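Source: prediction; values computed, not measured. Proteins get letters first, then strands, A, B, ... in listed order; numbering begins at 1 in each.
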There are 2 protein chains.
Amino acid sequence: MESEKNITIYDIAQATNLSIATISRIINKKGRYSAETESRVIKAMEELGYTPSASAQSLASNQTHTIGLVLPFWSIQQPNDEFTIQFLSGATIAANHLKYDLLLDNRSFVPSASTSQIIKRRRVDGFIFSAVGNSYQHFMEELITSGFPTIYTGVQLPFDKDGCNVYGGHEIYKQDFLEICYQKGYRNTALFTSYMQAQELQMVEISRQIVEDFRLKKGLSQDQCRFVMYDYYNPKSFQYALEELLTQKNPVEAIYLDQFPTCSHAYSIISSMGLRIPEDIAVVATSQYSRGGEEFSPKLTTTYVHSYEMGYRAVELLVNKIEKKGLEFEHDIPYSFLYRESFLPPEQGQE
Amino acid sequence: MESEKNITIYDIAQATNLSIATISRIINKKGRYSAETESRVIKAMEELGYTPSASAQSLASNQTHTIGLVLPFWSIQQPNDEFTIQFLSGATIAANHLKYDLLLDNRSFVPSASTSQIIKRRRVDGFIFSAVGNSYQHFMEELITSGFPTIYTGVQLPFDKDGCNVYGGHEIYKQDFLEICYQKGYRNTALFTSYMQAQELQMVEISRQIVEDFRLKKGLSQDQCRFVMYDYYNPKSFQYALEELLTQKNPVEAIYLDQFPTCSHAYSIISSMGLRIPEDIAVVATSQYSRGGEEFSPKLTTTYVHSYEMGYRAVELLVNKIEKKGLEFEHDIPYSFLYRESFLPPEQGQE
DNA sequence: TTGAAAGCGCTAACAG
DNA sequence: CTGTTAGCGCTTTCAA
């Protein structure tokens with residue numbers, strides 16, 4: 001196979017007695033050509049085992065048919081990031097459907113890189129930033145304002161003028177949790193938020209803000225609506241925080257556990273203290289797939305974030321931008337509140 | 001920015017009064033050029049904001065500096081796949097170090113695709129298949145036998161003649177678990193294996209074989225060393241299987257729980273039946289990050305598969321193959337057995 | 001409906 | 001150490 005001459009568009013032209021221009025038109029289904037010619041060409045291509053060279057096509061057409069994906073990979077091992085893998089899953093499927101390739105392009109966005117160079121390199125036709133944190137905001141701003149096709153997930157950023165944002169209900173579910181608790185009459189709640197060393201603290205601050213805003217809005221004290229931060233990599237940190245909440249004078253009635261993986265720990269701590277879910281304490285967590293929570297006993301109520309759909313939609317939107325089709329897509333993928341045994345809806349009363 | 005002329009290697013040549021050949025040499029740090037020329041060129045490139053076009057470079061050099069990654073994405077939502085995300089994490093970091101890009105290339109390997117076409121498309125310089133199951137074996141065989149740089153994870157395949165395999169101790173840890181149980185004197189053990197509809201059953205069969213082989217080797221009966229299959233998406237399936245094991249006449253002494261996410265379910269089932277870990281029953285599971293298991297109470301013993309390192313190593317090996325550097329790398333990334341409270345080592349006795 | 005020809009931006013002999 | 005030049009394989013006017 002090393003010795004075989006690489007077969008090109010010229011070989012097809014020769015074999016069919018046509019010019020390369022016609023072959024090109026047929027490859028791209030562009031311009032005019034007769035049906036007879038088309039079938040002849042296709043036959044020749046199959047017989048010779050021809051496939052167009054991706055880089056030659058890119059060079060000539062100035063399009064790569066590739067999407068650059070920027071994901072939050074850190075340089076250390078991290079626990080399973082459900083959001084990322086589900087997002088990736090959805091993005092992969094969508095890219096398949098739309099005939100685009102996905103390039104993991106963290107490499108382009110080193111601190112020393114300049115946005116214009118990234119664009120000029122023409123490695124991709126557009127970018128998707130998924131939950132990458134604020135160190136990328138500078139890049140995203142330049143990309144978006146310069147008109148380069150770009151999509152990102154998370155809350156909408158100030159410089160976003162033409163719908164580059166795929167929103168999955170982030171933050172809202174935390175607010176909603178607090179609101180539902182309030183409706184159920186709970187006046188002692190806590191919202192847990194994990195942090196990891198390698199991660200930016202941006203997200204933690206957003207959660208803290210939500211809790212503070214809610215307290216202000218309802219006139220609650222810090223004890224009635226608590227914001228609890230813990231070190232994800234240190235199970236003890238979580239354990240102490242939870243134990244303290246359960247042993248204080250006004251025991252907590254409902255907790256938002258944030259990270260799904262810590263829930264099993266929470267269940268065992270709660271039960272080891274002789275308490276029951278949801279009689280003594282109600283719990284909720286975030287999950288990225290709909291069945292998540294069913295394996296707990298009692299079953300865990302979750303805010304199900306549709307990260308798979310977000311990935312799918314992000315790719316759809318980006319391709320739409322790239323190809324300027326102007327189709328309208330929904331940018332908002334609302335989360336779902338899945339009530340299970342650990343936290344029942346207000347209608348059924350609890351208190 | 002739309003109107004700006006695209007600046008190319010010719011512009012740099014003009015600005016520096018050199019030929020494009022010299023500029024090219026400097027870009028690629030290849031051939032000879034004076035230090036003075038180099039700094040002049042670099043200065044000009046910075047001033048003009050020049051970046052070489054990736055596709056032009058690929059076309060001319062017949063190299064893409066890109067690695068095709070084939071991961072097990074299915075068309076439906078799946079629970080968090082720890083292995084894949086950790087593998088991807090490691091691969092991303094390695095690719096960054098080695099200045100390669102990662103292309104998610106599931107798209108190339110549709111059933112109708114031919115391997116030679118994939119190669120001719122020259123989209124990537126090599127492929128990495130990670131835990132993709134046997135529907136890709138055909139592609140892998142053709143790729144490897146035709147000499148195209150290819151790396152895969154999992155057990156070594158018959159057509160692999162020159163070390164294309166990155167092995168992470170897969171299977172071995174299950175055998176080792178059974179062996180350790182035997183040494184500890186356990187004569188009632190069970191090995192759980194999950195299956196998912198969209199997944200190929202290959203892996204399940206491998207596990208079943210391990211159990212059968214072990215029984216034969218030690219002369220154990222089916223009751224003494226059980227193989228238990230359950231539906232990952234159906235928590236009830238897992239629950240019934242586990243309950244049955246715990247209530248039979250000869251209760252199980254140790255269980256390999258396989259999937260990490262089901263452990264919390266197992267813990268709650270076991271405790272709800274009034275049993276204790278590890279006094280009444282010892283448990284072990286697989287995890288892809290070293291801290292995994294610490295959040296359980298009692299802490300979970302795990303077989304820690306170094307999937308991050310596997311991803312890193314896979315990229316290193318592939319780049320080595322692509323660039324024919326002939327460096328020697330270790331292909332074997334042994335798993336670690338992390339003893340925690342749920343299953344103590346034989347030395348400390350138990351029975 | 002098809003063909004001729006001029007690029008796309010860069011690499012790599014080869015010559016100097 | 002540097003320049004000339006012939007490609008790499010395809011797209012895209014513009015003519016025919």
Legend entry - Pair B/Thr66-A/Arg123, side-chain donor/acceptor within less than 3.5 Å: yes
Inset, instruction - For residues A/Asp125 and A/His65, report the shortest heavy-atom separation together with the two atoms involved. - result: OD2-N, 2.6 Å
Inset, instruction - Check whether any side-chain N or O of B/Lys30 sits under 4.0 Å from OP1 or OP2 of C/dT11, and answer yes or no. - result: no
Legend entry - Along DNA chain C (nearest heavy atom to each residue), the more 5'-positioned of A/Asn17 and A/Leu59: A/Asn17
Inset, instruction - Respond yes when some side-chain nitrogen or oxygen of B/Thr37 is under 4.0 Å from OP1 or OP2 of D/dT2, and no when none is. - result: yes
Inset, instruction - Taking only the side-chain heavy atoms of A/Pro52 (C-beta and beyond), determine which of C/dA4, D/dC10, D/dT11 contains the nearest atom. - result: D/dC10
Inset, instruction - Please answer whether the main-chain N or O of A/Thr16 pairs with a side-chain N or O of A/Arg40 as donor and acceptor at a distance below 3.5 Å. - result: yes
Legend entry - B/Arg122 CZ to D/dG9 P, straight-line distance once rounded to whole Å: 8 Å
Inset, instruction - By nearest nucleotide on DNA chain D, pick out whichever of B/Arg40 and A/Thr22 is the more 5' one. - result: B/Arg40
Inset, instruction - Look at B/Ser58 and C/dC10 and indicate whether a side-chain polar atom (N or O) is within less than 4.0 Å of OP1 or OP2. - result: no
Inset, instruction - Give the nucleotide from the list D/dG9, C/dT11, D/dT11 with an atom nearest to the side chain of B/Gln57. - result: C/dT11
Legend entry - Parallel, tilted or perpendicular, as decided by the 30° and 60° cut-offs, for the rings of A/Tyr152 and A/Phe159: tilted
Inset, instruction - Could you label the plane-to-plane angle of the B/Phe139 and B/Phe109 rings as parallel, tilted or perpendicular, counting under 30° as parallel and over 60° as perpendicular? - result: perpendicular
Legend entry - Gap between atoms CZ and C1', on A/Arg25 and C/dG3 respectively (whole Å): 8 Å
Inset, instruction - Please work out if A/Ser34 contacts a base, only the sugar-phosphate, or nothing of the nucleic acid, heavy-atom cut-off 4.0 Å. - result: sugar-phosphate
Legend entry - Phosphate OP1/OP2 of C/dC10 contacted by B/Tyr50 side-chain N/O (<4.0 Å): yes
Inset, instruction - Report the distance from atom OH of A/Tyr10 to atom P of D/dG7, rounded to the nearest whole Å. - result: 11 Å
Legend entry - B/Ser61 side chain near D/dC8 phosphate (N/O to OP1/OP2, under 4.0 Å): no
Legend entry - B/Ser24 vs C/dT11: side-chain N/O to OP1/OP2 distance below 4.0 Å: yes
Inset, instruction - Scan B/Asn62 against the nucleic acid and name what it touches under 4.0 Å (heavy atoms): base, sugar-phosphate only, or nothing. - result: nothing
Legend entry - Phosphate contact (D/dG9 OP1 or OP2) by A/Asn6 side-chain N/O below 4.0 Å: yes
Inset, instruction - Tell me what A/Ile23 touches on the nucleic acid: a base, only sugar-phosphate, or nothing, going by heavy atoms under 4.0 Å. - result: nothing
